[in-house]
Enquirer: 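Pasting a structure below so you can have a look.
Scope of the values below: all heavy atoms of this structure, side chains included, with no hydrogens, waters or symmetry mates. Values in this document were obtained by computation on a predicted structure and should not be read as measured data.
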Amino acid sequence: MPEINCPSCGAKVKFQSTISLVAVCAYCRSLVMRQDLKVEDLGKIAELQPDGSPLQLGVRGEFNKISFSVLGRIQMRYPEGYWNEWYLGFDDGRQGWLGEAQGLYALSFLAKTKTPLPEYEKLELDQEILIENTSYQVRDKRLAEYISLEGELPFQVPLGEQCPAADLAGPERRFATIDYSESPALLFTGQYVEFDSLRLNGLKVIEGW
């Protein structure tokens, strides 16, 4: 796995995934970008906000009989509080995301679609949307702010900026998110999952669990 020295403090920064672009130095919280492997210091980032999550970097789990590792986290703020997007590296080479908010978990993957995605401004709650022959219902629509991150990630996170996004619910626990932070918008599809079904190991010790 690629290993570099943090340009700020000199500590070792390991990249678990070959496609990860940025990583947070665990010692000085500098955001480091590799340009294989020319290293750039992107500056310090804010501390993560306490949120009571049992997940942490290095946790191992399983989804559809394929094991994965938790490689990174993006922490976002919205009017009701915080939510996490955990970046997962699967043993079969795929990369996925585990969304965590208010005790709900949704695991998704970046998806390609030939179906034009609806414009953010035209979405309404409970609206029915057809994407690749699957019917989804708009469950949530919000602006959220990127506030902090840790570990490694496959892209440079625009900290401090707001991301328009919509969460969609489909049949049989299917789930989709439309991310409007880029143009054209990005589609992530997957499903809602039960925490215990992920067979997670290496969780944070939380008093009372």
Enquirer: Is a donor from one side chain sitting under 3.5 angstrom from an acceptor on the other, for Ser17 and Glu152?
Expert: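 Their side chains do not contain a donor-acceptor pair, so the 3.5 Å distance test is not met.
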Enquirer: Quick one: do Arg73 and Asp51 make a salt bridge, cutoff under 4.0 Å?
Expert: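 Yes, Arg73 and Asp51 are salt-bridged.
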Enquirer: Linking I/L/V/M/F/W/Y whenever their side-chain heavy atoms sit closer than 4.5 Å, directly or via other members, would Tyr82 and Ile45 fall into one cluster?
Expert: no
Enquirer: May I ask you to decide if Ala46's main-chain N or O and Arg29's side chain share a donor-acceptor pair within less than 3.5 Å?
Expert: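 Yes, the answer is positive, given that a donor and an acceptor are paired below the 3.5 Å cut-off.
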Enquirer: Shortest non-hydrogen contact from Cys28 to Cys6?
Expert: SG-SG, 3.7 Å
Enquirer: So, applying ring-ring contact (aromatic ring centres under 6.0 Å, His included) with Phe68, which one of Trp86, Phe109, Phe90 is it?
Expert: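 One option only clears the test, and that one is Phe90.
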Enquirer: The test is salt bridge (Lys or Arg N to Asp or Glu O under 4.0 Å); show your working for Lys114 and Glu132 and say whether it passes.
Expert: CA-CA 7 Å; Lys114 297 178 182 178; Glu132 298 296 317; over 6 Å; no
Enquirer: Is the shortest side-chain N to carboxylate O distance from Arg60 to Asp91 below 4.0 Å?
Expert: yes
Enquirer: What is the distance from atom CZ of Arg173 to atom CD of Glu194, rounded to the nearest 0.5 Å?
Expert: 5.0 Å
Enquirer: For Gly202 and Gln56, work out which heavy atoms get closest and say how close.
Expert: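 Looking at all heavy atoms of both residues, the closest pair is O-NE2, 2.8 Å.
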Enquirer: Mind running side-chain contact (heavy atoms from CB on, under 4.5 Å) on Lys12 and Asn5 for me, showing each step along the way?
Expert: CA-CA 5 Å; Lys12 295 292 184 183; Asn5 292 322; 3.1 Å; yes
Enquirer: How long is the span from the OG1 atom in Thr189 to the CG atom in Leu110, to the nearest 0.5 Å?
Expert: 8.5 Å
Enquirer: Would a single hydrophobic cluster contain both Leu48 and Leu88, if residues Ile, Leu, Val, Met, Phe, Trp and Tyr are joined by side-chain heavy-atom contacts under 4.5 Å?
Expert: no
Enquirer: Walk me through it: do Gln75 and Ser148 pass the test side-chain hydrogen bond (donor to acceptor under 3.5 Å, both in side chains)?
Expert: CA-CA 5 Å; Gln75 189 176 62; Ser148 192; 5.3 Å; no
Enquirer: Got a second to check how far Leu198's CG is from Leu55's CG, nearest 0.5 Å?
Expert: 8.5 Å
Enquirer: Is any side-chain heavy atom of Glu145 closer than 4.5 Å to a side-chain heavy atom of Cys163?
Expert: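 No, their side chains stay 4.5 Å or more apart.
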Enquirer: Could I get the full list of ring-ring contact (aromatic ring centres under 6.0 Å, His included) partners for Phe175, not counting sequence neighbours?
Expert: Tyr192
Enquirer: Are more than 12 heavy atoms from other residues, nucleotides or ligands located less than 6.0 Å from atom CZ of Arg199?
Expert: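 Not more than 12 within 6.0 Å, no.
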Enquirer: Search all heavy atoms of Tyr180 against all heavy atoms of Pro118 and return the closest pair with its distance.
Expert: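 That would be OH-O, 2.6 Å.
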Enquirer: Are Leu104 and Met76 linked, directly or through intermediate hydrophobic residues, by side-chain heavy-atom contacts shorter than 4.5 Å (ILVMFWY only)?
Expert: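 No, it is not one cluster - the side chains of Met76 and Leu104 are not joined through contacts under 4.5 Å.
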Enquirer: Which value, rounded to the nearest 0.5 Å, describes the distance between Gln95 atom CD and Leu153 atom CG?
Expert: 11.5 Å
Enquirer: Look up atom CD in Gln162 and atom OG in Ser181, then write down how far apart they are to the nearest 0.5 Å.
Expert: 12.0 Å
Enquirer: Sub-3.5 Å donor-acceptor pair from the side chain of Lys141 to the main-chain atoms of Glu124, do we have one?
Expert: no
Enquirer: Just one of Val138, Thr113, Leu187, Asp167 clears the side chain to side chain contact (heavy atoms under 4.5 Å, CB included) bar with Ile178, so which one?
Expert: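 For Ile178, the side chain to side chain contact (heavy atoms under 4.5 Å, CB included) test succeeds with only one of Val138, Thr113, Leu187, Asp167, which is Leu187.
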Enquirer: Does Ile74 form a side-chain contact (heavy atoms from CB on, under 4.5 Å) with Tyr87? I'd like the steps, not just the answer.
Expert: CA-CA 8 Å; Ile74 301 173; Tyr87 173 48; over 6 Å; no
Enquirer: Are Glu150 and Leu57 side-chain neighbours, meaning at least one heavy-atom pair lies under 4.5 Å?
Expert: yes
Enquirer: Give, for atom CG of Leu98 and atom CD of Glu85, the distance between the pair rounded to the nearest 0.5 Å.
Expert: 8.0 Å
Enquirer: Is the ring pair Tyr105/Phe195 parallel, tilted or perpendicular, if the boundaries are 30 and 60 degrees?
Expert: tilted
Enquirer: Can you list the steps and then say if Leu168 with Ile129 is a side-chain contact (heavy atoms from CB on, under 4.5 Å)?
Expert: CA-CA 9 Å; Leu168 317 175; Ile129 297 174; 4.2 Å; yes
